[in-house]
Amino acid sequence: MSDVATSLQADRWSRAMRHPNFLIGAVLTGLLAAFALLSLVWTPHPFDAVAISERMQGPSAAHWLGTDHFGRDIATRLMIGARNSIVVGVVAVGIGMLVGVTLGVLAAARSGWIDEIVTRGSDVVFAFPAIVSAILITAIFGPGAVNAIIAIGIFNIPVFARVSRGAARQVWGLEYTRAGLAIGKSKAAVTRDHVLPNIASVLIVQATIQFAVAILAEAALAYLGLGTQPPAPSWGRMLFDAQTFMILDPKLAVLPGLAIALAVLGLNLLGDGLRDVLDPRLRAERIG
Amino acid sequence: MKITMHGAATALALGLAVLAAPPAMAQSKDTLTLGFTLEPPHLDPSAGAAGAIDATVYANLFEGLTRIDENGAVQPQLATSWTVSDDGLVYTFKLKNGVTFHDGTTFDADDVVFSLDRARAEDSVNAQKQLFAAIDKVEAVDPGTVRITLSRPEGALLFNLGWGDAVIVAPESADNNKVSPIGTGPYKFDRWVKGDRVKLVAVDPARQIQSVNFRFIPDPSAQIAALRAGDIDAITNLNAPEAVIAFQADPNFEVSIGSTEGETILAMNNTRPPLTDIRVRRAIAHAIDRQAIVDGAMFGFGTPIGSHFAPHHPAYVDLVATYPHDTAKARALLAESGQSDLKLTLKLPPPTYARRGGEIIASQLKDAGIAVEIIPVEWAQWLEQVFRGTNYDMTIVSHTEPMDIGIYARDKYYFNYDSPALKAVMDKLNATSDPNTRNALLGEAQKIVTGDSVNAFMFQLARLGVWRKGLKGMWRNAPVQATDVTGVRWE
């Protein structure tokens, strides 16, 4: 048993190391996380230190990426923006997973009317484009980082409900779950011991992708003025502020734009890579 | 085969011709399209406070007995001349002959009586009823003459009658002016596409500019793009000062830096502790760096002010040095008042000067030891919460009415300031018509308001106009919130 597990691990590891998408994605995501963590303990400057006389400077030893239209340090604001993005991603995906996966596995285990409600409910929420739902929610409850996170979390729920329901139903069709029931385990116990571990890889992949979607959505909401409120930095807000300064100083828009693009690209590549590395079906194909 | 070839060649030539035509040529020279940030809620200037109404219809569609010109001077309009009695209480106006309203009805003294009585009536919805406060009665002497009798001298009567709120309307059409305005101006109402534009067309077919479109584009970047693309010919007040620099370098556009009547202030709620304490209000005044705000929020466009008064007015007293930027002084005043860990909220309406100015002020107040929470609000919320509800600590707003220091003497105005000394000065002012005495009283009022540090006075809002080269006669300054296009032409 342990031999099998070890070989499985080693196999995954070697496949990961040979997977360029996974590597690039992991490095970009790692950098994002590193900058965000660093900003907790240290930033080059205070993020809200306005110095009008130093506005829109180019990169220098004092300001590595230059200063914005208020003379604030762009590198500092990007770092805190990264932290902000990660918080949004983690909490929003967390909300989506917690509620969505619970509903999904419940639907798969019980089928019948619960399944109907969960599936149709997901369809209804899905019918509204994610960003529109998020705008709706922030419009009702007011703009702000917390409401933006909740809004993005809510539109993550049906994504996870669907994915986990589909994957869980497949697992319920396999012999070992039947065997579990036959030896007297409850459905909840089978779900905990067999279904969840077996759909974990699918969920991890989905979570990575949703993380990227959440970062984009937060940037969009902040850009529209519904997300993080000034003076707290957020990448989307930085883009919005830069709009009218584009001609005078393009870096004000290019830098946060690049940060969003790299973070989303990194997470998407990581998600793709993880799917290839973790997905048992692909492995089966390869062995076959 | 030959025909096809010909066709193709013609099509190609036409295509090239279309591509080669510069955007300026595509715009025919008998129309004028102007870009605005705010859409008016309706089009009756005698029934609403929104400046966007006047910006559309003032002088173009509606006319008053007098009008205010580009420099803030009073000019005759529907009244061609007037005489004032020696005691300053009776004004007799001679009216213009042969004027008709856009619906064909004739204009005469009865319309003036109707309009002014309607504006100052008990149940009037006029937003500036104080303009007419001194009027005792308005009478038609004959169809071409109107006599206005005052209950007390009113030095500013002719100026007041030039406001958009005092325009002359007809009894036949007055009730419908909100949606289909009928006036006496050189342009009449054509249509209003909600959310997009108001179109006015010339009454006189000989006018060079036959139609004027007022387009409403809330977003400054979209305004700039529309101007560059030739969709609009002019922006009278660009909400993005940084973009002016680029337009200044562009030979296709003319940039005009004028001044407005907009005193931009950090307003404080004078009845909400700890802002009740004059030392706290003075500390805030010392904590802000006006020049940094003008530079950072307005790109250097704007003049620092020390009171609620426009620097270009003859009665202006320079009080900028009363509270110089001095963070240490601010901290000392706060300590003296016993305040520590002071936390205040700052509600910011949408304009650039407020949102950007607010971020800079928050940073400056933080340096002085005051933590500021910024709350961005939309205009509707601002009117509801700040202006009517006075539920706020601080806010930033530009007061664009001309000569409006009188708001400090009003009861329950939104900064909740109550000063018997100022009220006495304003009462004296209302009863004075001698210009020199009036200016001296206005100077006194400025000193009282600044002495009490009612609000922190920041800067006079600049008017940043950008228009296509060849457009002549646009206003540089904005003494009233008007877009008078009656003198505008293409060259």
Side-chain angles (χ1 to χ4, degrees), chain A residues 45-57 67-74 76-77 80 135 138-148 220-234 236-253 257, chain B residues 218-225 227-228 235 238-250 288-300 325 345-350 352 354-367 371-378 381 385 464:
Chain A
H45 293 270
F47 73 89
D48 57 352
V50 170
I52 302 299
S53 55
E54 294 172 17
R55 70 180 159 180
M56 297 201 281
Q57 287 179 351
T67 57
D68 72 0
H69 57 291
F70 287 148
R72 297 176 297 199
D73 184 58
I74 293 181
T76 301
R77 295 181 67 79
I80 297 185
I135 290 172
T138 46
I140 294 171
F141 297 104
V146 174
N147 286 346
L221 286 178
Y223 179 85
L224 294 171
L226 298 169
T228 313
Q229 296 297 322
S234 128
R237 187 72 210 177
M238 289 172 81
L239 261 187
F240 175 80
D241 286 340
Q243 263 191 138
T244 51
F245 291 97
M246 281 278 282
I247 300 167
L248 289 178
D249 192 355
K251 76 165 186 300
L252 293 187
Chain B
D219 180 48
S221 354
Q223 281 183 359
I224 294 163
L227 191 58
R228 289 199 177 281
I235 300 172
L238 188 59
N239 214 347
E242 62 280 8
V244 169
I245 314 280
F247 278 115
Q248 274 172 332
D250 190 328
I288 67 168
D289 179 354
R290 296 183 183 85
Q291 194 57 49
I293 297 167
V294 172
D295 287 344
M298 307 310 290
F299 247 75
H325 175 52
T345 60
L346 175 58
K347 290 191 173 169
L348 300 176
T352 307
R355 294 279 167 91
R356 282 197 197 144
E359 282 195 60
I360 299 170
I361 284 178
S363 163
Q364 292 173 350
L365 291 183
K366 191 179 168 190
D367 291 341
V372 175
E373 186 198 345
I374 290 177
I375 305 173
V377 291
E378 294 304 313
Q381 288 172 290
Q385 298 172 8
L464 307 175

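Each chain gets a letter, A, B and so on, in the order the sequences are listed, and its residues count up from 1.
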K.L.:
Just wondering, do A:Asp48 and B:Ser363 contact through their side chains at under 4.5 Å, heavy atoms?
P.N.:
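Side chain of B:Ser363 against side chain of A:Asp48, heavy atoms only: no contact under 4.5 Å found.
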K.L.:
Counting only non-hydrogen atoms closer than 4.5 Å, does B:Arg356 touch chain A with its backbone (N, CA, C, O), its side chain (CB onward), both, or neither?
P.N.:
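Contact with chain A involves both backbone and side-chain atoms of B:Arg356.
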K.L.:
Rounded to the nearest 0.5 Å, how far apart are OG1 of A:Thr244 and CD of B:Glu242?
P.N.:
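Between A:Thr244 OG1 and B:Glu242 CD, I get 3.5 Å after rounding to 0.5 Å.
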K.L.:
Does any backbone or side-chain atom of B:Ala292 lie under 4.5 Å from a heavy atom of chain A? Answer side chain, backbone, both or neither.
P.N.:
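Both backbone and side chain of B:Ala292 come within 4.5 Å of chain A.
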K.L.:
Hey, are the side chains of B:Phe299 and A:His69 touching, using non-hydrogen atoms and a 4.5 Å cut-off?
P.N.:
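With C-beta onward as the side chain, the pair stays apart.
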K.L.:
Can you tell me how far CD of A:Gln243 sits from CD1 of B:Ile224, rounded to the nearest 0.5 angstrom?
P.N.:
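If I round to the nearest 0.5 Å, the distance is 9.0 Å.
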K.L.:
Tell me, side chain or backbone of B:Asp219 under 4.5 Å from chain A's heavy atoms, or both, or neither?
P.N.:
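The side chain, not the backbone.
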K.L.:
At what distance, to the nearest 0.5 angstrom, does OG of B:Ser221 lie from CZ of A:Phe240?
P.N.:
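Going from OG on B:Ser221 over to CZ on A:Phe240, the span is 7.0 Å.
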K.L.:
Within the 4.5 Å heavy-atom criterion, are A:Ile247 and B:Phe247 side-chain neighbours or not?
P.N.:
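No - every pair of side-chain heavy atoms lies 4.5 Å or more apart.
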K.L.:
Would you check if the side chain of A:Arg55 reaches a backbone N or O of B:Asp295 as a donor-acceptor pair within less than 3.5 Å?
P.N.:
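Side chain of A:Arg55 to backbone of B:Asp295: a pair is present.
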K.L.:
How many angstroms lie between atom CD1 of A:Ile52 and atom CD1 of B:Ile360, to the nearest 0.5 angstrom?
P.N.:
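So the CD1 of A:Ile52 and the CD1 of B:Ile360 are separated by 4.0 Å.
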K.L.:
Under 6.0 Å from the CE atom of A:Met246, do we count more than 12 heavy atoms belonging to anything else shown?
P.N.:
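Counting neighbours around CE of A:Met246, 12 or fewer heavy atoms of other residues, nucleotides or ligands fall under 6.0 Å, so no.
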K.L.:
Could you check if a side-chain atom of B:Glu359 sits within less than 4.5 angstrom of a side-chain atom of A:Val50, using non-hydrogen atoms only?
P.N.:
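Heavy-atom side-chain distance check fails, nothing below 4.5 Å.
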